[in-house]
Amino acid sequence: MNTTTDTIKLEPGWKEALASEFSKDYMRSLKAFLKQQKNNDKVIFPKGNEYFQALDLTPIDKVKVIILGQDPYHGPGQAHGLCFSVKPNVPIPPSLKNIYKEMEQDLGISQPPHGYLCSWAEQGVLLLNSVLTVEQHKAGSHQGRGWEIFTDKIIETLNQKHSGLVFLLWGSYAQKKGAVIDRNRHLVLQSPHPSPLSAHRGFFGNQHFSKTNTYLEQQNKTAINWLLPESP
């Protein structure tokens, strides 16, 4: 392993797969940008040891399902490195409420009282944002700084080295980012975004949760238990 990655704290399988990215110019520029932001007393979410939380909780050889988000929540105490998920005791965001509504309609399971999705991640659901950091109260503020290149590499790696994965692409942003996925090797399920602005245009009724599990079982993989624990 080259010395550039020796100080990177990341799940070993992902670290090996992505090692070459950390020495590239875009990643050096991104690291310098984040350091400058902190030196300027900008508040960045999530905290530094949670940038790669999605990868740490879902090792590369355990991935079965990928849900693509855009960038982290920008309110205090929300983001912790998993797309759509919030920390315990934080109000459930509107898009996640709609995800729960569809889950209940599709699978008949009750909506949980919290928005903490770690149990999904631990079962092999990679909850990946395209951009892994954001400045407080400034949605999209770290877009175009290099994270997109890094997360494209994650998708490319999964697409090429795995087979029989399920990609859930909700909304045009996720669908554009997932355009490279080989539909012959993986199941790609697309629908409008669960945002209150678009959920009624086809997110509700998409049955992505049951379709995901049916496909996984056809691939001789264990289905996802989408029912979250009552207590996070």
Just by modelled atom types, is the [Y] backbone N or O under 3.5 Å from a matching donor or acceptor in the [X] side chain?
X: Glu102; Y: Asn98; result: no
X: Tyr100; Y: His114; result: yes
X: Ser85; Y: Leu82; result: no
X: Lys31; Y: Phe22; result: no
X: Asp56; Y: Leu10; result: no
X: Lys64; Y: Ile224; result: no
X: Asn206; Y: His208; result: yes
X: Asn213; Y: Ser210; result: no
X: His186; Y: Asn159; result: yes

Nearest 0.5 Å please: distance from the [atom1] atom of [X] over to the [atom2] atom of [Y].
X: Leu189; Y: Gln175; atom1: CG; atom2: CD; answer: 11.0 Å
X: Thr58; Y: Gln53; atom1: OG1; atom2: CD; answer: 9.0 Å
X: Leu117; Y: Leu57; atom1: CG; atom2: CG; answer: 11.0 Å
X: Leu158; Y: Arg185; atom1: CG; atom2: CZ; answer: 11.0 Å
X: Met103; Y: Leu228; atom1: CE; atom2: CG; answer: 5.5 Å
X: Gln143; Y: Thr133; atom1: CD; atom2: OG1; answer: 10.5 Å

Contacts of Gln136 that satisfy side-chain contact (heavy atoms from CB on, under 4.5 Å) - sequence neighbours left out: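 For Gln136, the residues satisfying side-chain contact (heavy atoms from CB on, under 4.5 Å) (neighbours in sequence not counted) are Val43, Phe45, Pro76.
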Neighbour count >12 (heavy atoms, 6.0 Å) for atom CG, Asn39: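 More than 12 within 6.0 Å, yes.
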Other residues, nucleotides, ligands: >12 heavy atoms within 6.0 Å of Lys62 NZ: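 12 or below, so no.
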How close do [X] and [Y] get, counting heavy atoms only, and between which atoms?
X: Trp14; Y: Ile60; value: NE1-N, 3.2 Å
X: Asn184; Y: Asp182; value: N-OD1, 2.8 Å
X: Ser141; Y: Val134; value: OG-CG2, 3.5 Å
X: Gly205; Y: Gln105; value: CA-NE2, 4.0 Å
X: Ser95; Y: Phe84; value: CB-CE2, 4.2 Å
X: Ile44; Y: Glu135; value: CD1-CA, 4.2 Å

Within one Ile-Leu-Val-Met-Phe-Trp-Tyr cluster: [X] and [Y], side-chain cutoff 4.5 Å:
X: Leu68; Y: Val188; result: yes
X: Val63; Y: Val180; result: yes
X: Leu55; Y: Leu168; result: no
X: Val65; Y: Tyr116; result: no
X: Phe204; Y: Trp170; result: yes

Test item: Leu216 and Val166 side chains (from C-beta on) under 4.5 Å apart, heavy atoms: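 Sidechains of Val166 and Leu216: in contact.
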Validation row: Tyr173, Asp71 side chains within 4.5 angstrom (heavy atoms):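 No, too far: nothing below the 4.5 Å cut-off.
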Leu126/Leu165 under side chain to side chain contact (heavy atoms under 4.5 Å, CB included): CA gap, chis, key distance, verdict: CA-CA 11 Å; Leu126 181 64; Leu165 301 180; over 6 Å; no
Full working for side chain to side chain contact (heavy atoms under 4.5 Å, CB included) between Gln219 and Ser163: CA-CA 9 Å; Gln219 300 294 314; Ser163 62; 5.6 Å; no
Check against side chain to side chain contact (heavy atoms under 4.5 Å, CB included), Val86 and Ile92: CA-CA 7 Å; Val86 290; Ile92 302 171; 5.6 Å; no
Of all pairs that satisfy salt bridge (Lys or Arg N to Asp or Glu O under 4.0 Å), the ones with a partner from residues 140-149, not counting sequence neighbours: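 Pairs touching residues 140-149 that pass the test: none.
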Check: Thr151/Lys177 side-chain N/O donor and acceptor closer than 3.5 Å: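 Note: Thr151 and Lys177 side chains meet the donor-acceptor criterion.
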Modelled atom types, side-chain donor and acceptor of His193 and Ser198, under 3.5 Å: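 Not at all, the side chains of His193 and Ser198 share no donor-acceptor pair under 3.5 Å.
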Aromatic ring pairing Phe150/Phe52, orientation class (parallel under 30°, perpendicular over 60°, tilted between):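 Ring orientation of Phe150 relative to Phe52: tilted.
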Residues Glu104, Lys101; criterion salt bridge (charged side-chain N to carboxylate O under 4.0 Å, His left out); working and verdict: CA-CA 5 Å; Glu104 182 177 38; Lys101 287 178 183 177; over 6 Å; no
Those residues that, when tested against Trp226, pass ring pair (Phe, Tyr, Trp, His ring centres under 6.0 Å) (two or more places apart):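 Trp226: ring pair (Phe, Tyr, Trp, His ring centres under 6.0 Å) contacts with Trp120, Phe209.
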Electrostatic pair Lys24:Glu21 at N-O distance under 4.0 angstrom: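 So Lys24 pairs with Glu21 through a salt bridge.
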